[in-house]
Structure formats: C-alpha cells, structure tokens
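Can you read through this structure? Questions will come right after.
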Amino acid sequence: MKMSVRLAGLEFASPVLAASGTWEFGLRFADVSNQLGGIVTKGITLEPRAGNPPPRIAECPGGIINSVGLENPGLATFVGHFLPRIGRLRCRVIVNVAGSRPGEYAELVERLAHPRVDAFELNVSCPNVREGGTAFGASPAAVERITRLCRRRTKKPLIVKLTANFVDPAETARAAEAGGADAVTVLNTLFGLALGPEGRPFLGGRTGGVSGPCLKPFALYCVDRVAPAIGIPVVACGGVMNGADAADFLSAGARLVQVGSASLADPQAPGRVARELATFCRARRLRDWDDLVGRTRREN
Ligand SMILES: Cc1cc2nc3c(=O)[nH]c(=O)nc-3n(C[C@H](O)[C@H](O)[C@H](O)COP(=O)(O)O)c2cc1C
C-alpha cells in the first residue's frame, strides 16, 4: 500500500506529521523530519515572544503539563533565518501561527506567502497566552471570523487547530469550515494545573496545557465526534506514541496524525510512528487509506 495521502490538494508522503511546539522548526533532527509527511512549526507570532518564566514543564501521570507561553523568534527572524533552512527539508512544511487579535492571524498568513510554506495551522487554541488563544478557540464566532480573515489573504490551505477547553470542538469545527478552512486539527492541549508541595502553582505561567498519552482517549473521542460533523478532513493530535495509536486516530476518522510530546522523550518517535503505521497497514493487507480512515463508524 502507498503511504502517501492527499489533503487540501497537497500530497503528503506519509500521514504522520510532527506537531507544533514539540519539533521546533524541524531542523535539529532533519533526517527524522524527512521521514515524515510534514512538520508543523512552533507557533509564530508577529513579534518575538520570550514566553513564560520557568519552570515550564511539570510531569503528571501519563503526560506533561507545559506552560511554554508561545516563546518564538517572531515573524521577521522566522522568515529571514529559519525559513530558508526549513525550505531544504524534503517534507511538507506547515507553519503554525498565533495572534492576540484576529487581524494578526491574517497579517501573518499574508506575510508568509513564501513558496516553501505549504499550508498554515491557525492556533486559535493555545491555552497559555492570556490575551489571545483561549477566548478565540472557545468561541465559534471568533473561530469563523479568524478563518475568514485569513482565507481572504492567502490561497494556501488553512488548517484550524481546535481546543476542547470549555467548548464543543464539533461546533468550532463547523465554524472553521464555514469560514473557509481546508481542515481542522483536533486537538490542542487541555487546561491543567500542577501544584508544588506547599499548594503553590508549580509552573512559572501558573497554569498549563496537558499533553501526552493521558490525552489520547479524549482526543480520540473528539476526532470521532468532529469528523462526521464536518465536510473537511481532520488532522488528529493527542497522545500518539506508536503506530497503533496513529491507526486508532485514522480509524476514528482522521486523515493525518501528529506526534507531539512523544518527540520530547524520544526524538526518533515521529519517524518510528510512521514506520510502525506502515507495518500495521501491510500486516492487514490494506489497499488504500479509505480502508482504514473512518472505519470505526462505517463498521460499527
Ligand atoms: C512543549 C509544548 C509546546 C507546544 N507548543 C505549541 C504551539 O506553539 N502551537 C500549537 O498549536 N500547539 C502547541 N503545542 C501543542 C501540541 O502541538 C499538541 O497539540 C499537544 O501537545 C497534544 O499532542 P501530544 O499529546 O502528542 O503532545 C505544544 C505542546 C507542547 C508539549
């Protein structure tokens, strides 16, 4: 079976991508990036951001809670310094963008009209930035508005990355579709709080976002809920550790799958997930993706 898959008019050599924020700009382990369908960059904002004070990561059973706070070099350094090097990767490049105003998203996608940027992931869901993400991602109207503004400023595919923090992602997925999105990513981190021994918040940013294997059952539930609610494809994300996890998300209705926190523990993880998924498909003699994608609802 061919491992390549099409989404929003783009051919991906594998359905496995590296998730935003856990793979920087794909350069540190370029050989692994080149084994994937694509990479999603760290979230880029118009201006550089220093992020939250340390500590930024707390462990929890089956996962981590991060409060990185969208640290990134900002648009100008990204375009001038990183993008030329990212452009040499042999996989698809999806740039994750975030803003504290709807117009910022539109400005970012317009100014990133670079031939090596294949698509955008709109992070309307980052839970760490008080002035922005959460409020947008929790409001279907805001999600639709941001998507529509971006749609007017770029012809490149738009993938809206959804949250489930205090909102039904099926509703925001429909709003993203109405605004002109080509796909949605389900799911960003869930709110979390880690306390130190004296009951004080442990993380420098006070609260954070939960990710890792503990997120998988909920993320899978959300993919199963969102996929039949919309007519555009779903990109899954949440607790993928191995090829069987990736196959679960495809069965639940996703077309592509992202590997996030697993890469923080083992940088070879995304490549391994891609290989394990290929082995999984060969062992079951699947002929094409449609044999796997969405079979949970088709067959049950
Ligand atoms: C340290 C860290 C930084 C992250 N930064 C971003 C980011 O900049 N933009 C974004 O959309 N998601 C970001 N995420 C969320 C991940 O892309 C992913 O949605 C989430 O971690 C769930 O997937 P996982 O369980 O495989 O890690 C970040 C996650 C972690 C752990």
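Computed over heavy atoms, backbone and side chain alike; hydrogens, waters and symmetry mates excluded. We count ligands from 1, going down the list as the structure has it; atoms in each ligand are counted the same way. What you see is a predicted model, and the numbers here were worked out from it, not measured in a lab.
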Taking only Lys NZ, Arg NE, NH1 and NH2, and the carboxylate oxygens of Asp or Glu, determine whether R101 and E104 approach each other closer than 4.0 Å.
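Looking at E104 together with R101, the answer is yes, because their closest N to O distance falls below 4.0 Å.
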Looking only at distances, please establish whether an N/O atom of ligand 1 is found under 3.5 Å from an N/O atom of L187.
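Looking only at distances, the answer is yes, because the N/O contact criterion of under 3.5 Å is met.
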Could you walk me through whether Q35 and Q268 pass side-chain hydrogen bond (donor to acceptor under 3.5 Å, both in side chains), step by step?
CA-CA 10 Å; Q35 297 166 29; Q268 300 299 325; 5.1 Å; no
Proximity to ligand 1 by part of T22, non-hydrogen separation under 4.0 Å
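Side chain only; the backbone of T22 stays clear of ligand 1.
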Selected option - heavy-atom contact closest to atom 7 (C) of ligand 1, from S20, G51, C237, A19:
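Closest candidate by heavy-atom distance is S20.
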Subset of ligand 1 atoms that lie under 4.0 Å from at least one heavy atom of G239:
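Close to G239: 24 (P), 25 (O), 26 (O).
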Is a side-chain donor-acceptor pair under 3.5 Å present for R295 with S251?
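Present: a donor and an acceptor within the cut-off.
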Looking at L70, which atoms of ligand 1 are within less than 4.0 Å of one of its heavy atoms?
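Here the atoms of ligand 1 in question are 8 (O).
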Does any N or O of ligand 1 fall below 3.5 Å from an N or O anywhere on K42, backbone included?
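So ligand 1 has an N or O lying under 3.5 Å from an N or O of K42.
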Report yes if some N/O of V259 lies less than 3.5 Å from some N/O of ligand 1; otherwise report no.
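N/O-N/O distance under 3.5 Å: no.
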What part of T185 sits under 4.0 Å from ligand 1 if we count only heavy atoms: the side chain, the backbone, both or neither?
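Neither; no heavy atom under 4.0 Å.
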Begin from the C-alpha positions of S211 and T189 and carry the test side-chain hydrogen bond (donor to acceptor under 3.5 Å, both in side chains) through to its verdict.
CA-CA 5 Å; S211 64; T189 54; over 6 Å; no
For N96, take its heavy atoms, then give the atoms of ligand 1 lying under 4.0 Å from any of them.
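Result: 9 (N), 10 (C), 11 (O).
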List every atom of ligand 1 that sits less than 4.0 Å from any heavy atom of V68, numbering the atoms from 1 in the order shown and giving each element.
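Answer for ligand 1: 1 (C).
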Mind checking whether Y105 and F136 have parallel, tilted or perpendicular rings, split at 30° and 60°?
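The rings of Y105 and F136 stand perpendicular, inter-plane angle above 60°.
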Min N/O separation G43 to ligand 1 under 3.5 Å:
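Between G43 and ligand 1 (N or O atoms, distance only) the closest approach is under 3.5 Å.
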Quick check on contacts: which atoms of ligand 1 are under 4.0 angstrom from a heavy atom of N188?
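Counting atoms of ligand 1 from 1, those under 4.0 Å from N188 are 10 (C), 11 (O), 12 (N), 15 (C), 19 (O).
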Please list, in number order, the atoms of ligand 1 under 4.0 Å from a heavy atom of T189.
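Within the 4.0 Å cut-off of T189, ligand 1 contributes 20 (C), 21 (O).
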Does an N or O from S261, backbone or side chain, lie closer than 3.5 Å to an N or O of ligand 1?
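N/O-N/O distance under 3.5 Å: yes.
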Salt bridge flag under 4.0 Å for residues D118 and K156
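Result for this pair is no, no salt bridge flagged.
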Pairing donors with acceptors under 3.5 angstrom, does anything connect the side chains of N72 and T45?
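N72 vs T45: donor-acceptor pair found between side chains.
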Are D291 and R284 ion-paired here, with the side-chain N under 4.0 Å from a carboxylate O?
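Salt bridge between D291 and R284, a charged N being under 4.0 Å from a carboxylate O: no.
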Could you tell me whether a side-chain N or O of R49 sits under 3.5 Å from a main-chain N or O of G69, the two making a donor and an acceptor?
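Judged by distance alone, yes, a pair lies under 3.5 Å.
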